[in-house]
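Just below is one structure, and these are the notes that go with it.
Naming convention: chains lettered A, B, ... in sequence-line order (proteins, then strands); numbering from 1 in each chain.
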Amino acid sequence: MTKTPERYNAREVEPKWRAAWDERGIFKLDETDPRPSYYVLEMFPYPSGRIHMGHVRNYTMGDVVARYKRAKGFAVLHPMGWDAFGMPAENAAMQHNTHPAAWTYANIATMKAQLKSMGLSLDWDREFATCDVEYYHQQQALFLDFLKAGLVERKSAKVNWDPVDGTVLANEQVIEGRGWRSGALVEQRELTQWFFKITAFSEDLLSALDGLERWPEKVRLMQKNWIGRSEGMLVRFELADGAPADQSELEIFTTRADTLFGASFLALSPDHKLAKAAAATNPELAVFAEECRRVGTSAAALATIEKKGFDTGIRARHPFDPDWLLPVYVANFILMDYGTGAIFGCPAHDQRDLDFARAYGLPVTPVVLPDGADAATYTVGTEAHDDAGRLINSRFLDGLTVDAAKEEVARRLEGEMRSGRPVGQRQVNFRLRDWGISRQRYWGCPIPVIHCETCGVVPVPAADLPVKLPDDVSFDVPGNPLDRHPTWKHVPCPKCGAPARRETDTMDTFVDSSWYFARFTSPRATTPTKRAVVDRWLPVDQYIGGVEHAILHLLYSRFFARAMKLTGHLGLDEPFAGLFTQGMVTHETYKGADGRWLFPEEVGIKDGAAIHVKTFEPVTIGAVESMSKSKKNVVDPDTIIAGFGADTARWFMLSDTPPERDIQWTDSGVEGAARFVQRLWRLVGDLAELAAPVGTPAPAAATGPALDIRRLAHGALAEIENDIEKLRFNRAVARVYELANGLTTALGDLDEAAAAAPDVKAAAREAAEILVKLFAPMMPHLAEECWAVLGHDDLVAVAPWPVVEPALLARDTITLPVQVNGKKRADVTVPREAGAADVEAAVLALDIIQRVLEGKPPKKVIVVPQRIVNVVA
RNA sequence: GCCCAGGUGGCGGAAUUGGUAGACGCGCUGGUUUCAGGUACCAGUGGUGCAAGCCGUGGAGGUUCGAGUCCUCUCCUGGGCACCA
């Protein structure tokens, strides 16, 4: 190899191939393409201004899958769009006096150019932003259909109010008592709001998780916990003394009806109607209830407070014994919106009830005896027993298991009638709440209803859609610009024609992202979807995004699919057949001498110590954390792509770290990736010089070096295909390195005669083309340039994936490791078809084995075919 | 507190699911090329020992011919949920 290899210049080459792809339109999908379909989708970005490394990682992974599936002969749908409504646009409007739309569309233009520079195989013809009128028009149509189908509800509810953003948040948008976006402490307020009835699907959303086999177990578990199903009973307690005149009973929910004979009190939420009635005549109780509510604003405070209660003086009768009276407390640890807002307390078998009972001197009677404990001496101290056991002190339940006792209590209470209703009934309860979608904001999809004084809430007629956002709005004062707009909300009632007003709330932006995947199948349709098209392309075969959306976005999307099915917009329940959640991109953090964060480019290394590149002051290297602007540990994708090329950035993102884990961005790692780009370029150049012309078939009966080269290529092909199918990109990358190493060595070993042999030249042709096709999904620009060097004038992006020849994967002889007592001592090479007896004989003939055995016969020889031999001495 | 996931060289990580621990990359060491830096190339790189060998997958036990992988206990790290009756 005497010629001076030219360097591969990514900066010049990459734009050329992107233009070639565009020109040929090869990533545009024909919806009627008869080949098997494959839908790969990455979570679409919020147009915040510029893409970050997390986007690069996410979209690179999706692109590998898309390009690979295309090569495998699928008709691939791989679209991109923008999750474009939301608060940052309004904040920018306030700060910089721009219009949210102008800000958003400018950001989209910037980010689209950045995504294009990555060389992604996207069908840009399908692009849309959720703030496009055409998109939210169809979303309003969906809303009206959901309303008609009874899936939308307007109700007054205690809501999470974010005082900084001035809007309502869904439960799942409150994290540790703070708004998920603003971080402000959330307050509880009573407001009339629009809700999607996601709880109508609680049972189905839970049970269908089992069928999502290509979802991460972790995500399924998180959703399961979030939905929070529990089986229990509603039990009616008759009120005896001290009850308000209009209330004669108290209904509680319990999952432990078996412990009814261990009851020592009843407890109410301060917001329970019985508590409120009692507080009306008891000022002290009213004060206590008010105290509870104050604490209740912060979940962090809730977690640490002591259990407190207030005896209302009311007494209730035990359902199995009318003479047994139980005190009714108001307690600070009872939630109004779970179950009935009331419980019965069994201190011996519930820790919270035990803490409460100890504080107020209430009886603690064990009714479940742990296995192995003695009934005569068993007592409960400071730890409640909530595990299994047998019932004691429980009359007719004594001796039963917990499950059997639950059955027996249910049977009896269901059979006992009071005022025409059973005293108890089985009930399944869910933690999941309905999804409040009202937001008091401008930059969102308007809720298409009109409020009329005589007709009430009137849906906007479908023919009047879209309800467009007005352009002339100002953000100089707090509050909702739609609400204070001089004319927008004033409209005649569609029913009676009288003056009425529009709903000024807009939809939660999670609504926008709950059906965009369906819209991509027919992005310009004048209905939300086209049934024939959407039914062919959904579900998404592979969805890829961040695990931070494990609950919110994915649960809402699953709800939307069901709601859209019910209203005839599509034909399935589960929108995402395969889900992959990728890890974050991390980087070291740096702090200067003054304690301020520094950007990575401000930091240099001198004599093994980190210093500031300008001031030479010492720099402290901090923890490796996920990239964030606030800590300045960010690397700009543009800088990397401009400096090294998109292929290097893509390759690095796929290398080394398993895709589901956090990846650490390092300079040396990127440089390594860049070096490999050059190495591949030289290797393909060398192969091209040696290789037979384009179209030469692989040598069928190769021997010697030609056979070795073929085996290398086909071995790598089989492995990489398997790795990409399983999204194990880091392993696929390692296999490409191995193939490149192997081919480099094989080329170096060829003597002049071998290099001139036709079968070697044909094998080199085959190996070079396999190599290029194998890395083409990961480094598509380099692959095109290599493809051209190999003499092709078509694009590798449309070339079919190579086919493995299984015969090349098998060897005539195999080398087995030989262990003695489980420790490896030798290798033995035997014919592939050798029987166990032949292998054993070969092993025992080995000098090393004879030496270790010291001439004695082995106790036993274990031969695992094709695997290993173990000699037991 | 409860529920998950995970601890493997200096670092990121492999290991066909019970069968050669450390693939591949980064880093490092020595050498060749180069005025030099970088690049490129060659050799080496878990620990220990002159060596045969011995020790090694957070820790302690166990099952097995054989354990990173299975079981019991324990420590640590990351994530989710959090008075859900």
- Message: Just to be sure I understand the rule, does A/Arg661 reach a base, reach only the sugar-phosphate, or reach nothing, if contact means heavy atoms closer than 4.0 Å?
- Response: sugar-phosphate
- Item | C1' atoms of B/rG66 and B/rG19, separation to the nearest Å | 7 Å
- Query: Base, sugar-phosphate, or nothing: which does A/Asn741 touch, judged by heavy atoms less than 4.0 Å apart?
  - Reply: sugar-phosphate
- Task: For A/Ile663 and B/rG78, give me the distance from atom CD1 to atom P, rounded to whole Å.
- Result: 20 Å
- Message: Just to be sure I understand the rule, does A/Ser230 reach a base, reach only the sugar-phosphate, or reach nothing, if contact means heavy atoms closer than 4.0 Å?
- Response: sugar-phosphate
- Message: Output the rounded distance in Å from CG (A/Leu747) to P (B/rA40).
- Response: 18 Å
- Reported OG1-to-CG distance for the pair A/Thr312 and A/Leu266, which is rounded to 0.5 angstrom: 9.0 Å
- Query: Is a donor-acceptor contact shorter than 3.5 angstrom present between the side chain of A/Lys859 and the base of B/rC65?
  - Reply: no
- Message: For a quick check under 3.5 Å, do A/Asn429 and A/Ser230 share a side-chain donor-acceptor pair by atom type?
- Response: no
- Query: How would you label the contact of A/Ile862 with the nucleic acid (heavy atoms, under 4.0 Å): base, sugar-phosphate, or nothing?
  - Reply: base
- Note on the structure: In whole angstroms, the gap separating P of B/rC26 from CG of A/Asn730 amounts to 15 Å
- Message: If I take atom CG in residue A/Asn332 and atom P in nucleotide B/rA85, what distance separates them, rounded to the nearest angstrom?
- Response: 18 Å
- Message: Any base atoms under 4.0 Å from A/Lys824, or only sugar-phosphate, or nothing? Heavy atoms, all strands.
- Response: base
- Query: Heavy atoms under 4.0 Å, any strand shown: does A/Arg728 hit a base, just sugar-phosphate, or nothing?
  - Reply: sugar-phosphate
- With heavy atoms under 4.0 Å as the rule, sort A/Asp353 into base, sugar-phosphate or nothing. nothing
- Query: Between atom CG in A/Asp350 and atom C1' in B/rC2, what is the gap in whole Å?
  - Reply: 13 Å
- Query: Is a donor on one side and an acceptor on the other found under 3.5 Å between the side chain of A/Thr340 and the backbone of A/Glu251?
  - Reply: yes
- Task: May I ask you to say what A/Tyr737 touches in the nucleic acid, namely base, sugar-phosphate or nothing, with a heavy-atom cut-off under 4.0 Å?
- Result: sugar-phosphate
- Taking the same atom, C1', in B/rU39 and in B/rG46, what whole-Å distance lies between them? 30 Å
- Message: Using a heavy-atom cut-off of 4.0 Å across all strands, would you classify A/Val864 as base, sugar-phosphate, or nothing?
- Response: base
Identify each donor-acceptor pair in which a side-chain atom of residues 255-262 of chain A lies under 3.5 Å from a protein atom, sequence neighbours left out, and give them as a table.
from	atom 1	to	atom 2	distance (Å)
A/Arg256	NE	A/Asp258	OD1	3.1
A/Arg256	NE	A/Asp258	OD2	3.4
A/Arg256	NH2	A/Asp258	OD2	3.0
A/Thr259	OG1	A/Arg256	O	2.8

- Item | Aromatic contact, A/Phe652 with A/Phe644 (centres under 6.0 Å) | no
- Query: So which nucleotide from B/rC3, B/rA85, B/rC24 ends up closest to the side chain of A/Glu738?
  - Reply: B/rC24
- Contact class for A/Asn870 vs. all strands (heavy atom < 4.0 Å): base, sugar-phosphate, or nothing? base
- Bracket string, RNA chain B, 5' to 3' - pairs by Watson-Crick or G-U geometry under 3.5 Å, | interstrand: (((((((..(((......[....)))((((((.......))))))(((....)))..(((((..]....))))))))))))....
- Task: Step through it carefully: locate the ring centre of A/Tyr329, locate the ring centre of A/Tyr360, and say whether they are under 6.0 Å apart.
- Result: yes
- Has the side chain of A/Asp662 got a donor or acceptor atom that lies under 3.5 Å from a matching backbone atom of A/Met584? yes
- Looking at B/rU39, does its base get a donor-acceptor pair with the side chain of A/Arg682 below 3.5 Å? no
- On the 0 to 90° scale, with breaks at 30° and 60°, tag the A/Phe237-A/His318 ring pair as parallel, tilted or perpendicular. perpendicular
- Item | Reported CD1-to-OG1 distance for the pair A/Ile343 and A/Thr254, which is rounded to 0.5 angstrom | 8.0 Å
- May I ask you to say what A/Ile252 touches in the nucleic acid, namely base, sugar-phosphate or nothing, with a heavy-atom cut-off under 4.0 Å? nothing
- Task: Starting at atom CG of A/Asp662, determine the distance to atom P of B/rA5, rounded to an integer number of angstrom.
- Result: 18 Å
- Task: Could you check whether A/Arg825 gets within reach of a base, just the sugar-phosphate, or nothing at all, counting any heavy atom under 4.0 Å?
- Result: sugar-phosphate
- Message: Between P on B/rG12 and NE2 on A/His587, what's the gap in Å once rounded to a whole number?
- Response: 16 Å
- Query: Contact class for A/Lys823 (heavy atom, under 4.0 Å): base, sugar-phosphate, or nothing?
  - Reply: sugar-phosphate
- Nearest listed nucleotide, side chain of A/Arg675, among B/rG19, B/rA85, B/rA40: B/rA40
- Message: Students often get this wrong, so: under 4.0 angstrom with heavy atoms, is A/Gln664 touching a base, only sugar-phosphate, or nothing?
- Response: nothing
- Task: Starting from C1' on B/rC81, measure out to CD on A/Gln223 and report it in whole angstrom.
- Result: 14 Å
